[in-house]
Amino acid sequence: MRGRRIPGIVGLGFRRVWGRLTGSTPGRTFVSIIGVAAAIGVLVTVTGLSLGLAASGTVASEGVNYWIVPDQQSVGSTPLAYEGASLGSVHQSAAQIRQDDRVDYVTPVAIQPIRLDPPNGDRTYVLALGIVADESDRTVAGVDTGALTPGDPFYADGTYAGNWTGDLVASPGVSEQLDVEPGSRLSVPNQNRSFTLRAVSEGTADVSAGTIPVVVVHLSELQAVTNTTGGDQADQILVATSDDSVRTRLENIYPRTSVQTRSGFSQLSPRVTSLAFAMAVAAGLIALGVGVAFVATLMGLEFTATRRSLAAIQAVGYSRSSVVFLIMTETLVVTLIGGVIGIALGWIGIVGLNAGVARSFDLAGAARFDPLLVPYGLCAAVLVGVLSVGYPLYIAYRTEPLEELTR
Amino acid sequence: MSSEAPTGESSLAACEAVGKTYERSGSRLSRGGESVTALADVSLSIDPGEVVGIAGPSGSGKSTLLHLLAALDTPTSGTVYIDGEDTGEWSAGQRTRRRLTQVGLVFQRFHLLSSLSARRNVALPLVEQGVSRAERKRRAEQTLAQVGLEDRRGHRPGSLSGGEQQRVAIARALVTDPQLIVADEPTGELDTETGDTVLELLTDTDDEQRAVIIASHDERTLSYTDRVIRLLDGSRVDE
């Protein structure tokens, strides 16, 4: 019989909260839920933005496990730095890594905005990724690179005098934006260079932070049109391997670089990006602070106003432990409902933020809704509940059944 | 039927020379508090099957005596027995447990939970007893039918009349099948006709093992009881 008590009390807690919400005076409970929802919504949105920032330094590619990126905290001392941190001699380094049997695929990636003149449209900036192509139909940033000539012919052992392929693969967004189809010629303004659209990838271009219209070209050709051939620069090196022992070797390729693993929550470390981490921590603390203040105060007021019902519960024979459990359940139910609404609000916030960024800067994906944000938001809501239950419990502790019932 | 000599250990409920004194807290300027004697040297005995009234004007100690007999409070002197056991020897937890299993409480102001339906209010003690959900539902509905409210089981207290709320409160007191029903001014907030219905429900017990104690200052209410214990200024005046 006693074993059924706890589920019964949990059910009672649910019923009481539901009853208050659907009754004639949902006020305090409703405001508590809204308070938690707002806090969790902000937490999810800001954390999503942090994830977007944290991930924005890496380019997603199928099978890629590691990214070698410059250490953002030591920009001035990276092997080569301009307009931020870059890696130098990347073709040579990639070739060196490629010799390792444990490595399936390696490519340096340069990320540069370039202007292209489409045959029938306006001159437009697009985000270009320069890579060393693989013989397989590998996707980089969601774009199938199979249409690129394997290797990087124009590089020609660092002479930049090889065959100019002009190969360009575009995401659907770019092809729509430029109004071009495979075979269209895209010239680079003020340069005697041009690219030819070889294919429009059906995949969604994903530069970690979300969907951004991108084109993929050969690295040396991108270096050539952006005048970054000097020092053979790129932003990162992608490495696909099924052997984790490679990581140690990768870490020794460049001094003061980071070897990152798959993007997402794992990147939320100060080493990877202290700004994103700081934002996430600040959002977490603010959300907890606001949430706890809201819930503790309003649930405290709720239980103060309904002391008589607590007293009645105790009078009919509920033990102190049962009352404590009931109050904890009710507080957690309120914060969990707030958490669920907050996660939805956070998702809306992220979508809205990305839409705003897309409209203002012609870019999408400033923030990222990682599925892990759902359990993260729920855990934060539970934490708000646990931290704020003290005051309602204090109210219950001070409630003398006789005093309340005879008042 | 009644046995007025203190036979605490053999009665269902009994008091032996019970006294209750409250310390009224003093003002900020005065030191200490003032002692108020609510009950003084009260003895009584209640047997199973009895319906006993406790009468007296406001402040006579009726509610205090009722709270002692319901194990809601402890005396400052004397002994209160429930089912032959000295309640003074019980811990707060034991008193709570005894209320849950042996005592059914009915208050003047009903004290139902406004956020729960009538059925769930009635089932409230059964949750703490660990009764299964299906059994809770069955017993609560059965008891509501007993008080004539089977068709109001889904209604919350706010949509019930005063009389209906008190009937729900009586059903809540009855649902655990307690040995002792303690009702404090159960008709205090009801009109005469509704009050009569409530009193009939409370006193119409076929259970030879159950006793009902009703505190009231209303003679009409007390007329439903088998005998009346009268209090004045904390002392019995009917002996």
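First the proteins, then the strands, lettered A, B, ... as listed; each starts at 1.
Under the 4.5 Å side-chain criterion, counting only non-hydrogen atoms from C-beta, B/Arg236 is in contact with B/Ile229. In this structure the side chain of B/Leu174 reaches within 4.5 angstrom of the side chain of B/Ile181, judged on heavy atoms. Looking at heavy atoms from C-beta onward, B/Thr176 lies in side-chain contact with B/Leu126 at the 4.5 angstrom threshold.
Only the side chain of B/His67 comes within contact range of chain A, with heavy atoms under 4.5 Å apart. If you measure heavy-atom distances from B/Arg95 to chain A, you find no contacts under 4.5 Å at all. Of the two parts of A/Ser321, neither the backbone nor the side chain holds a non-hydrogen atom closer than 4.5 Å to a non-hydrogen atom of chain B.
Across B/Leu112, B/Asp73, B/Leu124, B/Leu105, the residue that shares the most heavy-atom pairs under 4.5 angstrom with chain A is B/Leu124. Ranked by heavy-atom pairs shorter than 4.5 Å toward chain A, the options B/Arg172, B/Arg133, B/Arg120 are led by B/Arg120.
The two residues B/Ser11 and B/Ile46 have their closest heavy-atom pair at CB-O, 3.6 Å.
The neighbour count for B/Tyr22 OH, taken as heavy atoms of other residues, nucleotides or ligands under 6.0 Å away, is above 12.
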